[in-house]
Amino acid sequence: MSYVVKLHPEKEALRQKWMTSGEVMRARAGWSLTYDRISKDASCLDGGGLLDRIERELSGAPSPIQWTMNFCLIGIGIEFPEHRARAVAIGETLGIYRDYPCSMGCTSPFAPIASKELASRKSS
């Protein structure tokens with residue numbers, strides 16, 4: 001993903017297609033491209049619509065997809081200040097990665113913690 005697809009000129013079309021794929025690794029790639037989009041240029045994305053989908057699908061998603069969806073949830077909490085409270089609330093409600101082991105000095109992948117911590121670093 002990092003070395004080929006994220007640099008591909010058709011990555012947006014691939015992202016949209018793969019976001020609805022029934023194949024785990026393609027769907028994961030779609031969510032990965034979505035996270036990349038959130039972190040680099042979120043202006044064309046529907047943060048509320050993505051949150052709707054994440055809220056519906058995150059807890060039942062296969063773990064490879066769940067991991068990248070969770071990072072999209074975190075990214076929305078960072079890059080869409082108007083959706084931050086909802087992203088944090090979804091993370092709290094679903095509890096995905098709440099108990100994930102994390103080394104001292106590292107940021108937890110639990111969306112409420114990560115969104116708040118990384119958003120505060122960005123605004124500093």
Considering all heavy atoms of both residues, which atom of [X] and which atom of [Y] are nearest to each other, and what is their separation?
X: Cys44; Y: Arg37; value: CB-NH2, 2.9 Å
X: Gly77; Y: Ala119; value: O-CB, 4.4 Å
X: Ser59; Y: Ile96; value: CA-CD1, 4.0 Å

Between Leu45 and Phe80, is any pair of side-chain heavy atoms under 4.5 Å apart?
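Yes, close enough: below the 4.5 Å cut-off.
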Taking only residues two or more places apart in sequence or in another chain, which ones pass side chain to side chain donor-acceptor pair (under 3.5 Å) with [X]?
X: Glu55; value: Arg86
X: Thr34; value: Arg15
X: Arg53; value: Glu57
X: Ser43; value: Asp41

[X]-[Y] co-clustered via ILVMFWY side chain contacts under 4.5 Å:
X: Met25; Y: Met19; value: yes
X: Ile113; Y: Ile90; value: no
X: Tyr35; Y: Val24; value: yes

Between side-chain atoms of residues 103-112 and protein atoms elsewhere (two or more places apart, or another chain), which donor-acceptor pairs fall under 3.5 Å?
| from | atom 1 | to | atom 2 | distance (Å) |
| --- | --- | --- | --- | --- |
| Thr107 | OG1 | Arg121 | NH2 | 3.0 |
| Ser108 | OG | Phe110 | N | 3.0 |

Any side-chain to backbone donor/acceptor pair from [X] onto [Y]? Under 3.5 Å, distance only.
X: Lys11; Y: Val5; result: no
X: Ser32; Y: Arg28; result: no
X: Arg84; Y: Ile78; result: yes

Please check if the distance between the ring centroids of Trp31 and Phe71 is under 6.0 Å.
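Aromatic pair excluded; centres sit 6.0 Å or further apart.
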Any salt bridge (Lys or Arg N to Asp or Glu O under 4.0 Å) involving residues 70-83? Give me the pairs, sequence neighbours left out, ordered by first then second residue.
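Every pair satisfying salt bridge (Lys or Arg N to Asp or Glu O under 4.0 Å) with a residue in residues 70-83: Glu79-Lys122.
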How long is the gap from [atom1] on [X] to [atom2] on [Y], to the nearest 0.5 Å?
X: Thr68; Y: Leu58; atom1: OG1; atom2: CG; result: 9.5 Å
X: Met69; Y: Leu94; atom1: CE; atom2: CG; result: 9.5 Å
X: Asp36; Y: Leu7; atom1: CG; atom2: CG; result: 9.0 Å

Is there a side-chain contact (heavy atoms from CB on, under 4.5 Å) between Glu23 and Trp18? Walk through the geometry before answering.
CA-CA 9 Å; Glu23 295 178 29; Trp18 292 343; over 6 Å; no
Verdict with supporting geometry, Tyr100 and Trp67, ring-ring contact (aromatic ring centres under 6.0 Å, His included)
CA-CA 12 Å; Tyr100 195 85; Trp67 184 258; 5.5 Å; yes
With respect to His83, which candidate in Ile76, Val88, Leu73, Leu50 satisfies the side chain to side chain contact (heavy atoms under 4.5 Å, CB included) definition?
Ile76
